[in-house]
Amino acid sequence: MRKIPTFFWEYRGHDIPDPDLTTYRLCVEGAVERRLALSLEELGRRLRRVEIDRRFYCVNGWSLKALWAGYPVADVLGLAGSISGAAYLRTTSLGGYEDTTAIADLVADEAMLVTHMNGAPLPPARGKPIRLMRFDCYQFKGVKAVARLEVVESCHPGTWEKVGYSDATVQPYPHLAIDCDQELMPESRVLASINGPSSGEENAT
Ligand SMILES: Nc1nc2c(c(=O)[nH]1)N[C@H]1C(S)=C(S)[C@@H](COP(=O)(O)O)O[C@H]1N2
Ligand SMILES: [Mo]
């Protein structure tokens, strides 16, 4: 199996979570009228499913296109009823990765809570069982393996913002395009395409 070319937080000494789906709950809390802890089955029963064929971009210079399916973030927040005045959503993963974004931006960009990629449930490395995705900005604003959605009053820097990434606007320079898992390139080749040929050996596993 080839390694997913990414530079994500879980590769820096953290484990990739592999939650038990029978006990998994998506928690929606903070400034909401109703705190929720939703199982995957409840999400499926209470929300309309949406599908989108979109490419996402990583700030490290690569992009990945797939068919994503799940639920609109706006609809999940609608179930909880957000209280006016609290304008941000703080999303935290099971492993602790986090992002905070204005709810208005998530709604305007039709951000999704994705459960499936190319017709199959998300595997652990891709964010099992739910990942928050917003396609109109760099995907460090997305959160894999979502544990908690919290409606909050102020913006709190997310995991990548804490290390200095402030602008999530996708830049116009070319990003290495990956179109399906079979075509994934080993991470070192991605690095080579960014840094030139001398940056390390093949590490496909
Ligand atoms: N939980 C979690 N979510 C995360 C990350 C992470 O390290 N942990 N990395 C982010 C970044 S920087 C990117 S580019 C994408 C990578 O998604 P992928 O692993 O499916 O390629 O997930 C985003 N969400
Ligand atoms: Mo990224």
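Below, each value reflects all heavy atoms present in this structure, side chains not excepted, and no hydrogens, waters or symmetry copies. In listed order, ligands and their atoms are each counted from 1.
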field: Atom indices of ligand 1, in the order listed, that fall short of 4.0 Å to a heavy atom of Trp62
entry: 21 (O)

query: Can a salt bridge be assigned to the pair Glu153 and Arg90 using a cut-off of 4.0 Å between side-chain N and carboxylate O?
result: no

query: Is ligand 1 less than 4.0 angstrom away from at least one heavy atom of Tyr57?
result: no

- prompt: Who else is in Leu67's hydrophobic cluster (ILVMFWY, side-chain heavy atoms under 4.5 Å, direct or via others)?
  reply: none

Numbering as shown, the atoms of ligand 1 that approach Ala125 to under 4.0 Å (heavy-atom distance): 19 (O)

message: Ring-plane angle category for Phe56 and Trp68, please: parallel below 30°, perpendicular beyond 60°, tilted otherwise.
response: tilted

- prompt: Given Met117, Glu98, Arg131, which one has a non-hydrogen atom that is nearest to atom 22 (O) of ligand 1?
  reply: Arg131

task: Indicate the ring-plane relationship of Tyr57 and His175, choosing parallel, tilted or perpendicular according to the 30° and 60° boundaries.
output: perpendicular

task: Output the list of atoms in ligand 1 that are nearer than 4.0 Å to some heavy atom of Trp160, sorted by atom number.
output: 12 (S)

- prompt: Which atoms of ligand 1 have any heavy atom of Arg126 under 4.0 Å away?
  reply: 18 (P), 19 (O), 20 (O), 21 (O)

- line: Gly142 heavy atoms within 4.0 Å reach ligand 1 at atoms 4 (C), 23 (C), 24 (N)

- request: Could you tell me which atoms of ligand 1, counted from 1 in the order shown, lie closer than 4.0 angstrom to a heavy atom of Ser93?
  value: 1 (N)

field: Enumerated ligand 1 atoms positioned under 4.0 Å from heavy atoms of Val143
entry: 3 (N), 24 (N)

- prompt: Is there a donor-acceptor contact under 3.5 Å linking the side chains of His116 and Arg126?
  reply: no

Between CG on residue Asp136 and CZ on residue Arg54, distance to nearest 0.5 Å: 5.0 Å

task: Please test Leu26 against Leu113 for side-chain contact (heavy atoms from CB on, under 4.5 Å), starting from the C-alpha separation and ending with a verdict.
output: CA-CA 10 Å; Leu26 172 70; Leu113 286 161; 4.3 Å; yes

- request: Check Tyr97 against ligand 1 and report side chain, backbone, both or neither, counting heavy atoms closer than 4.0 Å.
  value: side chain

